[in-house]
Amino acid sequence: MARNLNEEKYTERRNEILDAALKLVYTKGYEHMTIQNILDELHISKGAFYHYFDSKGDVLEAMVERMIVEQVTPLLKPIVDDAKLSALDKFHCFYQVAGQWKITQKTFMLELLQVWMSDENAIVRQKLMSSSIQSVAPMLTEIIHQGVSEGVFTSPYPDQTANIIIYIMEGLSEKLTELLILAKTDRAEGGVDKEINIFIGALNDAIERVLGAPKASIKLIDPEMLKVWFE
């Protein structure tokens, strides 16, 4: 019993730190947020902070992991488990719902993209990639196996295909960040819009090939939804 109470207290205190950090991400931005800001927000010592986290990067990793577990997985798992949906429908719904959720977290996601592109945060970037694979890949793998059973996907490596798709989609995040930066100066000339459309077409084609899906059957990105990120 004592152990359970200690674990509950540990989790509660850890979540308090994450809540304070998330608030600071929205008010200051991740890059400007410091560990001292978190200490001041909670009125705790450095020793208390380092009992739960080793660095600011660890805090970001934990925030993302908590979002995936508490918010993203509960949205995506019902899609995977829906016996009425075909694999192709599940695949599209999976990414559509994930995309809509990201829009609701737009401020945080834009901060995350900035971290994603920073060379000094390469280790954090790798950890976030690993977290994404561990959480999302099993659900995607289940959809891909269903697609193979239905004959709509012909990939000979269904267990590995999910990881490859995740890497492709993470590459999309990097490209979008570049385009968001470029859009500030070049959008008026229409160059960014054209590049986005070409990139979306290439992305859909690449994922079709990885899945072994029929030509023009994959349309993962809604251009209208994408425009939200450039507003």
Side-chain angles (χ1 to χ4, degrees), residues 68 72-73 75-104 106 109 113 116-117 125 128-183 186-187 189-231:
I68 291 174
V72 180
T73 300
L75 289 174
L76 299 181
K77 195 65 170 71
I79 296 171
V80 179
D81 294 339
D82 192 339
K84 297 179 181 179
L85 293 177
S86 68
L88 202 55
D89 287 339
K90 286 183 181 182
F91 194 79
H92 284 110
C93 286
F94 192 90
Y95 277 102
Q96 182 180 23
V97 170
Q100 290 171 341
W101 175 82
K102 286 182 179 180
I103 289 175
T104 68
K106 181 180 175 181
M109 288 295 136
L113 287 177
W116 199 258
M117 295 297 288
R125 184 164 64 242
L128 293 178
M129 173 73 82
S130 297
S131 297
S132 178
I133 289 175
Q134 291 174 8
S135 302
V136 177
M139 291 187 286
L140 269 182
T141 299
E142 192 170 335
I143 294 175
I144 294 167
H145 272 283
Q146 178 183 337
V148 171
S149 297
E150 292 173 353
V152 69
F153 300 152
T154 60
S155 170
Y157 308 104
D159 292 321
Q160 291 74 32
T161 298
N163 287 25
I164 295 172
I165 290 173
I166 290 172
Y167 277 109
I168 292 174
M169 296 302 291
E170 294 298 345
L172 170 66
S173 296
E174 293 189 17
K175 187 62 178 180
L176 282 178
T177 303
E178 294 175 4
L179 293 176
L180 281 168
I181 295 170
L182 183 62
D186 199 40
R187 187 171 176 78
E189 300 177 10
V192 173
D193 287 333
K194 182 178 180 180
E195 188 169 356
I196 288 173
N197 290 331
I198 292 173
F199 190 75
I200 289 175
L203 176 77
N204 290 333
D205 181 71
I207 292 180
E208 283 173 2
R209 292 172 186 271
V210 171
L211 288 171
K215 185 67 176 175
S217 64
I218 299 295
K219 293 180 176 61
L220 285 190
I221 300 177
D222 179 357
E224 292 302 315
M225 185 183 295
L226 196 58
K227 286 180 182 178
V228 173
W229 296 97
F230 291 86
E231 294 174 352

Note to self: Could you go through L211 and I165, starting from their C-alpha distance and side-chain angles, then the distance that decides it, and tell me whether this counts as side chain to side chain contact (heavy atoms under 4.5 Å, CB included)?
What the structure shows: CA-CA 9 Å; L211 288 171; I165 290 173; 3.7 Å; yes

Note to self: My understanding is that only residues two or more places apart in sequence, or in another chain, count here; which of them pass side-chain contact (heavy atoms from CB on, under 4.5 Å) with E150?
What the structure shows: S86, A87, Q146, V152

Over all atoms of both residues, closest heavy-atom pair of [X] and [Y]:
{"X": "G212", "Y": "T154", "result": "O-OG1, 3.0 Å"}
{"X": "P138", "Y": "I133", "result": "CD-O, 3.7 Å"}
{"X": "A137", "Y": "A162", "result": "O-CB, 3.7 Å"}

Note to self: Between T161 and F153, is there a side-chain heavy-atom distance shorter than 4.5 Å?
What the structure shows: no

Note to self: Quick one, H145 and D159 - any side-chain contact, counting heavy atoms below 4.5 Å?
What the structure shows: yes

Notebook entry, point to check: With the threshold set at 4.0 Å, does a side-chain nitrogen-carboxylate oxygen contact exist between K215 and D205?
Noted result: yes

To the closest 0.5 Å, what do you measure between [atom1] ([X]) and [atom2] ([Y])?
{"X": "T104", "Y": "M109", "atom1": "OG1", "atom2": "CE", "answer": "8.0 Å"}
{"X": "S155", "Y": "E208", "atom1": "OG", "atom2": "CD", "answer": "13.5 Å"}
{"X": "Q96", "Y": "D89", "atom1": "CD", "atom2": "CG", "answer": "10.5 Å"}
{"X": "D81", "Y": "E142", "atom1": "CG", "atom2": "CD", "answer": "6.0 Å"}
{"X": "L75", "Y": "I68", "atom1": "CG", "atom2": "CD1", "answer": "12.0 Å"}
{"X": "L85", "Y": "K90", "atom1": "CG", "atom2": "NZ", "answer": "6.5 Å"}

Notebook entry, point to check: Of I218, L140, I207, which meets side chain to side chain contact (heavy atoms under 4.5 Å, CB included) against Y95?
Noted result: L140

Check: Does the pair F94 and V136 meet the rule for a side chain to side chain contact (heavy atoms under 4.5 Å, CB included), with working shown?
Finding: CA-CA 10 Å; F94 192 90; V136 177; 3.7 Å; yes

Check: Can you list the steps and then say if T141 with Q160 is a side chain to side chain contact (heavy atoms under 4.5 Å, CB included)?
Finding: CA-CA 8 Å; T141 299; Q160 291 74 32; over 6 Å; no

